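Inspection log for the structure reproduced underneath, given as structure tokens.
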Number of protein chains: 2
Amino acid sequence: MLDWEDLRSFLAVARAGTLSGAARSLGIRQSTMGRRLAAFEARAGVLLLQKTPRGYVLTSAGEAALAEAEKMETAALAAERAITGQDTRLAGEVRLTTIETLAAEVLMPILAQFAADYPGILVKLISSQRTLSLAAREADLAVRMARPLGGDLVIRKLGDIGYGYYTSPAYLARHGVPTPGGAGHRVILMEDDAPNFPEYVAMAQYFAEAEVGFRSDSRYVQLQACKAGLGVACLAHYLAAPQGLARLPGCDANREVWLVQHRDTKETPRFKALSAALVNGMKAQNALLAG
Amino acid sequence: MLDWEDLRSFLAVARAGTLSGAARSLGIRQSTMGRRLAAFEARAGVLLLQKTPRGYVLTSAGEAALAEAEKMETAALAAERAITGQDTRLAGEVRLTTIETLAAEVLMPILAQFAADYPGILVKLISSQRTLSLAAREADLAVRMARPLGGDLVIRKLGDIGYGYYTSPAYLARHGVPTPGGAGHRVILMEDDAPNFPEYVAMAQYFAEAEVGFRSDSRYVQLQACKAGLGVACLAHYLAAPQGLARLPGCDANREVWLVQHRDTKETPRFKALSAALVNGMKAQNALLAG
DNA sequence: CAGTCATTATGCGTTTACGCATAGGAGGCC
DNA sequence: GGCCTCCTATGCGTAAACGCATAATGACTG
């Protein structure tokens, strides 16, 4: 009879490719993971993961087992959600995830009020680079900058975020207002040109003839670069407006903001409470957000 | 993040209804099971199993979790079978299950030869009262007295077992040959009248007017009762014929013998080897078995 | 109503599994 | 080639989990 925790370890190693990576994903030590895998294979009697110079790769025997281990994981996560969904206390922890600027500038005042209203609920605000999975219970609620699709998700629209081209007064005085094409101007962009955010795509078109003045993946760094006169940035109104930057014409991009949670935890009281607070709080800031 | 082994423990308790029963089913102690369940519920934060005077019963929260835990078990068993199915060694353990008499009288000589042919393979012969589940990996191969239906099973017919009415020469001398109806005779039956084995049903009809002389669930006990002159028993030819009992007319019941294994382990060499030995060995005894 | 058999709860000693620390490779990059 | 980083392997001490034993409780039976 195989140990279910060992199956989980096997799954982690098969995914990560290394003992260390697998151990990290489960929050245990690499030495422990190595021993567990050894125990698992000893009991299985078959070699499931072959050690190669590039890490562990599945044998053909392992592939068959992997498929079932993944089914186990799916069921385990569903069980976890089912249990959470049955938690009727108006207390405990809620993990909310969204992008950094929205969290800091828009959500914080809402959460401050919420903390006062529900002292028993602890909100954990996670602003991860990576989009966290609600299905995998990496977070309970998510505020997303686009309408999520598919999955067993429940979604509510929180509002629209308007974007504009901004620059510092000093830059404006020296270079003037850019015309379409942006010839002779400098723009502040993301590290990679990959992102297909609507406002970013529009900017790439509008400033097709401009040069790159600065690059950063952090909106806050972009904001500071903008204030320092390094060029024109495409920023959300809520972020740029209070900073005394000059708003330039030519941008009418906006993005929808959606509140997302998993269907299984829809009825959980503490999630409902935070959800309602976010909907109301965002509604009150509608004018600022749209610009 | 819930512990998968705890989920398994929860499932066991939900099924068994008691900590002790659950512990037995997993091969651990009752104290351990109690502590695991406590840890599980503490982490879940919700009461999943309510303790009642009659044992543990699921709360509504628990029912949701149970369904997922059962899916996990299904996947875990499938994983185990997948792993076993990939074991290419012509060595190791094979667990074979069937009824007691067939095991002792018919299978033993076949297994003795098999043990000599394949010294690396250890055959475990389990003659359990209860029909063991191949899907749950309680056994690897099963010799069944009826054609199994459904499931992901692979089946091969091993032959037919003939039955006859037998009694001791002394009983026969005193009571004569029974006529249809069996009036004035005594029959040896099972403990309960429930079993719907074909030969048993036929006997109940044929001896409708007879009295009950003895009851036992063990065929060996029935055999001895028969030899002791307690009445007429319906016994398989292979069991009764070598014992010097008198065979009576009126019985033409027979049952098919099938070899069963799970589809997932069909290709495993050591199972294939035993399977072939059983098929050949049974074929050689066809005449004796049919009577 | 006592006796039996099942259950759960708890204390104690031991084993096991774990984290930590360290040593020994195996690429990747300047 | 040397350095850096990430990996795996292994020894050691500790802490958590386990088995065992026992007590307490409750249900069924004669």
Side-chain angles (χ1 to χ4, degrees), chain A residues 1-59 61-62 65-66 69 72 76 129-130 191-192, chain B residues 1-59 61-62 65-66 69 72 76 129-130 191-192:
Chain A
M1 211 158 35
L2 293 174
D3 185 301
W4 284 16
E5 276 292 301
D6 284 350
L7 274 164
R8 184 189 211 170
S9 300
F10 159 73
L11 175 63
V13 175
R15 284 233 181 88
T18 67
L19 295 181
S20 305
R24 269 193 301 276
S25 74
L26 293 189
I28 58 176
R29 300 294 148 188
Q30 158 267 137
S31 50
T32 300
M33 183 59 78
R35 287 187 272 244
R36 278 204 196 168
L37 187 66
F40 178 65
E41 296 217 318
R43 209 175 297 194
V46 196
L47 189 68
L48 297 170
L49 289 160
Q50 188 114 28
K51 192 160 60 178
T52 74
R54 304 211 179 290
Y56 287 84
V57 295
L58 284 165
T59 64
L66 176 65
M72 283 188 75
Q129 297 292 67
R130 180 170 72 86
E191 288 286 354
D192 302 315
Chain B
M1 212 156 41
L2 293 173
D3 185 302
W4 285 15
E5 277 292 303
D6 283 350
L7 274 164
R8 184 188 210 169
S9 301
F10 159 74
L11 175 63
V13 175
R15 285 232 180 91
T18 67
L19 295 181
S20 306
R24 268 193 301 276
S25 74
L26 293 189
I28 58 176
R29 301 292 151 191
Q30 158 265 137
S31 49
T32 300
M33 183 58 78
R35 288 187 271 247
R36 277 204 197 170
L37 188 65
F40 178 63
E41 296 216 319
R43 210 176 295 195
V46 196
L47 189 69
L48 297 171
L49 288 160
Q50 188 113 28
K51 193 161 59 179
T52 74
R54 305 213 176 286
Y56 287 85
V57 294
L58 284 166
T59 64
L66 176 66
M72 281 187 76
Q129 296 293 68
R130 179 170 72 86
E191 289 285 355
D192 302 315

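Convention: sequence-line order gives letters A, B, ...; per-chain numbering from 1. What you see is a predicted model, and the numbers here were worked out from it, not measured in a lab.
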Indicate yes or no for a side-chain donor-acceptor contact from E41(A) to the backbone of L48(A) under 3.5 Å, with no hydrogens or angles considered.
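Yes; at least one donor-acceptor contact below 3.5 Å.
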
Exam field: side chain T59(B) to backbone L47(B), donor-acceptor pair closer than 3.5 Å:
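Checked: pair present.
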
L58(A) and F10(A): CA distance, side-chain angles, deciding distance, side-chain contact (heavy atoms from CB on, under 4.5 Å) verdict
CA-CA 10 Å; L58(A) 284 165; F10(A) 159 73; 3.9 Å; yes

[X] side, atom [atom1]; [Y] side, atom [atom2] - distance, nearest 0.5 Å:
X	Y	atom1	atom2	value
W4(A)	M72(A)	CH2	CE	5.0 Å
M33(B)	S25(B)	CE	OG	6.0 Å
K51(B)	T18(B)	NZ	OG1	12.5 Å
R29(A)	S20(A)	CZ	OG	11.0 Å

Need the bend value for the helix from dC1(C)-dG30(D) to dC30(C)-dG1(D): angle between end axes, 5 pairs each end, nearest 10°.
30°

Evaluate the side-chain contact (heavy atoms from CB on, under 4.5 Å) criterion for residues E5(B) and R8(B): first the C-alpha distance (whole Å), next the side-chain angles of each, then the deciding distance (0.1 Å), finally the verdict.
CA-CA 5 Å; E5(B) 277 292 303; R8(B) 184 188 210 169; 3.1 Å; yes

Please determine whether side-chain contact (heavy atoms from CB on, under 4.5 Å) holds for the pair L66(A) and L11(A), giving the CA-CA distance in whole Å, both sets of side-chain angles, and the decisive distance to 0.1 Å.
CA-CA 6 Å; L66(A) 176 65; L11(A) 175 63; 3.5 Å; yes

Which parts of residues 17-32 of chain A get close to DNA chain D, meaning a heavy atom less than 4.0 angstrom away?
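Output list: T18(A), L19(A), S20(A), R24(A), Q30(A), S31(A).
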
F40(B) and side-chain contact (heavy atoms from CB on, under 4.5 Å): which single residue from L49(B), L7(B), D3(B) fits?
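Of all the options given, the one that passes is L7(B).
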
Report yes if at least one side-chain N or O of K51(B) is closer than 4.0 Å to OP1 or OP2 of dG26(D); otherwise report no.
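No, K51(B) has no side-chain N/O under 4.0 Å of OP1/OP2 on dG26(D).
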
Identify, residue by residue, the members of residues 33-44 of chain A with a heavy atom below 4.0 Å from DNA chain C, and return them in order of residue number, or none.
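DNA chain C contact set from residues 33-44 of chain A: R35(A), R36(A).
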
